[in-house]
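Worksheet: one structure, shown below.
Just the heavy atoms: all of them, side chains too, but no hydrogens, waters or symmetry mates, feed the values below. Throughout, a chain's letter reflects where its sequence line sits, starting with A, and its residues are numbered from 1.
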Amino acid sequence: MHRWSELFIPTLREAPADAEVASHKFLVRAAYIRQLAAGIYSYLFLGQRSFNKIIGIVRQEMDKIGQESYLPALHPRELWEASGRWSVMGDTLFRLKDRKGADLCLGMTEEEVMTEIARKELRSYKQLPQIWYQIAPKFRDEPRPKSGLLRVRQFLMKDSYSFDIDPAGLDVSYLKHYDVYRRIFDRCGLRYMIVEAHSGAMGGSESHEFVVRTPAGEDQIVSCENCSYAANMEKATSQLAAIEDLAGDGKPLEVHTPGQKTIEEVARFLGVSPKNKIKTLALMTTEEDPKIGKPKPRAVVVLLRGDHQLNEAKLSTALRGKESRPMQEEEIQQVFRSPAGFLGPVGLGNLATVKDGAFGEGVILLVDKALEGRKNLIAGANRADYHLKNVTPGRDFEPTAYADLRSVTAGEGCPNCATPLRVDAAVEIGHIFKLGYKYSESMGARVLDRKGKEVTPIMGSYGIGIERILTAAVEQSNDDDGFWLPPQIAPFEILVTPTNTNEEKLMTTALEITSKLETGGFDVLLDDRDERPGVKFKDADLVGIPFRVTVGKKVTEGTIEIVQRSTREVHDASIDAVTDYFQKLFRPAR
RNA sequence: CGGGGCGUAGCGCAGCCUGGUAGCGCACCUGCCUUGGGCGCAGGGGGUCGUAGGUUCAAAUCCUAUCGCCCCGACCA
């Protein structure tokens, strides 16, 4: 029997001053977690119990499609160099040296280790498909840990990896995960959405995120309330209302725009809408120079409609997976021979073209599709205090390529049905995606197919953030006094509260009810502390347990109270009927 | 990485500007009292003022450095 008086549940009356989001405040106040360092948390008794419940559900469902394993968190550098991620991951990868000076890192995910096992052990198509998973800590040296458990440097992840002989096989493994994830999140009692996601630059063909809408979230998701369209911001597209082009049929014409640098300033100065203006962004990327075998900088110019925002994930896709950064002032001078603020595409020499799917020499000029077919736009003249009128893409400059580069905003038309889209913040709790051949190829995993030919297995990878399930649940269900969890993931399902432990009748009844409920298969916590009722009720409201049985004065009439935390609904039940009551209530969920 | 803020008892904070005995509320311990929404009275314990250096007769307070934590930004040229 779990007696509160003997347990370590240090609830707090006040939240730590630096807690901003509800889940952070309440998980600390309710004694689920304590912070050890930035983005690093200890899980106390209640928190760990809740995580164990979540892990239990995840494990039970994952066992239906995969095999559990447990991989090291400490990885040798060589493994990550083989996949190329040692350099790609930058400072987000925790790195350390052992006593001999050998480089190691702490795993962020385990593609390398899983693929290493596959490379060494898998020989034949007969061994495929495989789905291997684990539930283990992951480490990421986030530039900015924040929001309690939402963005941390160490966290628990269920990660799984599939190996298939061909893309059709991958489709099956992917779908299995899709279905199992739905069961997992359903069982965890979350209200979640499934959205199309950016699959990363390297060959990922399909990807879905499982998200929970909450203002505390860091993801932006775009969804349609009319049809089923839903995607995250990195992937979302929309239909745009037609824009009336400015009149004019001449060649580009310089106009004096003294000191007018920003889109808004220029538009106001010229009396036009930002929608008739071109936004010119100057960026630098790096690429391998085949002649010298070393990376060299490469200029990228991006054009967007004046009121649109660049989406970096889409840009990265358009650049074949390369990262980029804004140009420095000197670099802008070099490429444009113009101060920032008056940049434009007209007259840019040395533009790259695309041949055989690769960029040729020169400046890469990427133009957002929203500018395709537009006419008579305003753009910078590459000269201080001047802009150009009558700029028409395709006539006055030739883009290297048109691409979808902009972020969708709320109210734009759904790509399927034109209904205005909504944009919401959300927490990502799960992500599945088709990796393709990236790791199996780079790390040299090969199997023989039916014909005895060597082929590279195709992979998928799939993650679930354990802590985020709890965090999202708290964000979804809280009020001023605390939060309530779905019984399936709550540390306890029922809290039994005798209002006065000094009254023998109350205590014996509370003990009796507690043990009956336990016998009935419920997880029960008995609040046997010698505290005033107010204190116990406040704690009861705080700690996330979805039901409370109050044992008070009415025991003399053979009655106790059952309180549902979510609604605060109270009803009386006879002492003998308590177990029955919960059995009926819980049966649908069990 | 850029900008801002904060480090004083377990938690929340005051004191710092204007240098001179380290305080308040909650929590904790003891006793009494109370028992349906963080009750009351009395007594008590607990702090290297983040760390290091400097200025000074004297530093929580002024100066410098450093570490930690939080927030905003890191795209609109």
Side-chain angles (χ1 to χ4, degrees), chain A residues 8 10-21 24-25 28-29 31 34-40 90-92 143-148 151 153 233 260-267 274 277-284 300-316 323-333 335-336 338-344 368 379-380 382 384 387 405-407 409 480-482 497-503 506-507 527 529-542 548 550-555 560-561 563 568 570:
Chain A
F8 182 57
T11 58
L12 299 176
R13 194 182 286 231
E14 289 177 274
D18 47 33
E20 300 251 316
V21 300
H24 186 191
K25 288 180 188 161
V28 172
R29 282 193 55 202
R34 286 292 186 268
Q35 183 175 34
L36 182 63
I40 304 175
D91 291 335
T92 306
R144 215 180 115 200
K146 59 183 281 201
S147 306
R151 188 171 207 68
R153 297 196 291 173
M233 190 53 87
Q260 312 295 311
K261 290 189 177 189
T262 68
I263 300 286
E264 283 70 31
E265 283 167 3
V266 174
K277 184 148 188 335
I278 291 177
K279 178 184 285 188
T280 306
L281 304 178
L283 304 151
M284 273 293 181
V300 178
V301 174
V302 171
L303 302 188
L304 295 165
R305 202 171 86 183
D307 60 325
H308 285 161
Q309 309 253 322
L310 177 64
N311 185 309
E312 287 179 70
K314 290 180 178 177
L315 174 63
S316 169
E323 296 300 311
S324 55
R325 58 164 176 82
M327 272 192 198
Q328 314 271 322
E329 189 70 35
E330 313 85 71
E331 293 167 333
I332 290 179
Q333 281 292 345
V335 176
F336 294 90
S338 156
F342 302 95
L343 308 183
D368 185 64
N382 296 323
H387 280 77
L405 298 168
R406 72 187 177 87
S407 289
T409 56
D480 290 346
D481 293 324
T497 307
T499 56
N500 185 346
T501 51
N502 297 315
E503 282 185 42
L506 297 195
M507 273 311 285
D527 189 356
R529 293 174 301 166
D530 182 14
E531 289 283 357
R532 296 176 57 82
V535 172
K536 295 165 87 157
F537 292 155
K538 284 289 183 190
D539 273 342
D541 288 345
L542 175 64
R548 182 176 95 210
T550 309
V551 182
K553 291 175 197 141
K554 294 178 202 160
V555 285
I560 49 80
E561 283 170 5
V563 185
R568 296 189 187 269
V570 182

Using a cut-off of 4.0 Å on non-hydrogen atoms, how would the nucleic acid contact of [X] be classed: base, sugar-phosphate, or nothing?
X        : value
A:Pro145 : sugar-phosphate
A:Thr550 : base
A:Leu304 : nothing
A:Ser407 : nothing
A:Gln309 : base
A:Ala282 : base
A:Arg29  : base
A:Asp539 : base

Quiz item: Could you give the CD-to-P distance, from A:Glu20 to B:G4, as a whole number of Å?
Solution: 19 Å

Self-check item: Whole angstrom value for the distance that separates C1' of B:G37 from CZ of A:Arg13
Solution: 12 Å

Quiz item: Which atom names give the shortest non-hydrogen contact between A:Val266 and A:Gln260, and what distance separates them?
Solution: CG2-O, 3.2 Å

Exercise. Could you check A:Arg548 against A:Asp527 for salt bridge (charged side-chain N to carboxylate O under 4.0 Å, His left out), going step by step and ending with a plain yes or no?
Key: CA-CA 10 Å; A:Arg548 182 176 95 210; A:Asp527 189 356; over 6 Å; no

Please state whether the base of [N] and the side chain of [X] form at least one donor-acceptor pair under 3.5 Å?
X        : N     : result
A:Glu561 : B:G36 : yes
A:Arg529 : B:G38 : no
A:Arg548 : B:G37 : yes

Could you tell me the Watson-Crick or G-U partner of [N], where both distances fall under 3.5 Å? Say none if there is no partner.
N     : answer
B:C69 : B:G5
B:C24 : B:G12
B:C62 : B:G54
B:G40 : B:C32

Could you run down the sub-3.5 Å N/O contacts of the protein with nucleotides 9-15 of chain B?
from	atom 1	to	atom 2	distance (Å)
B:G12	OP1	A:Ala17	N	3.0
B:G12	O2'	A:Glu14	OE2	3.2

Given the [atom1] atoms of [N] and [M], what is the spacing between them in whole Å?
N     : M     : atom1 : answer
B:G15 : B:C6  : P     : 12 Å
B:G53 : B:G45 : P     : 32 Å
B:C26 : B:U51 : P     : 28 Å
B:A74 : B:A27 : P     : 43 Å
B:C57 : B:C11 : C1'   : 38 Å

Exercise. Mind checking salt bridge (charged side-chain N to carboxylate O under 4.0 Å, His left out) for A:Arg29 and listing every partner two or more places apart, or none if nothing turns up?
Key: none

Quiz item: Hey, is CG on A:Asp91 packed in by over 12 heavy atoms from elsewhere, all under 6.0 Å?
Solution: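 For A:Asp91, atom CG is not crowded (no more than 12 foreign heavy atoms under 6.0 Å).
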
Identify the pairs formed between an N or O of the protein and an N or O of nucleotides 42-47 of chain B at a distance under 3.5 Å, and give each distance.
none

Quiz prompt | Out of B:G38, B:U35, B:C70, whichever nucleotide has its closest atom nearest the side chain of A:Gln35 | solution = B:C70

Quiz prompt | Donor + acceptor pair across side chains of A:Asn382, A:Ser338 (<3.5 Å) | solution =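 Absent: no donor and acceptor within the cut-off.
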
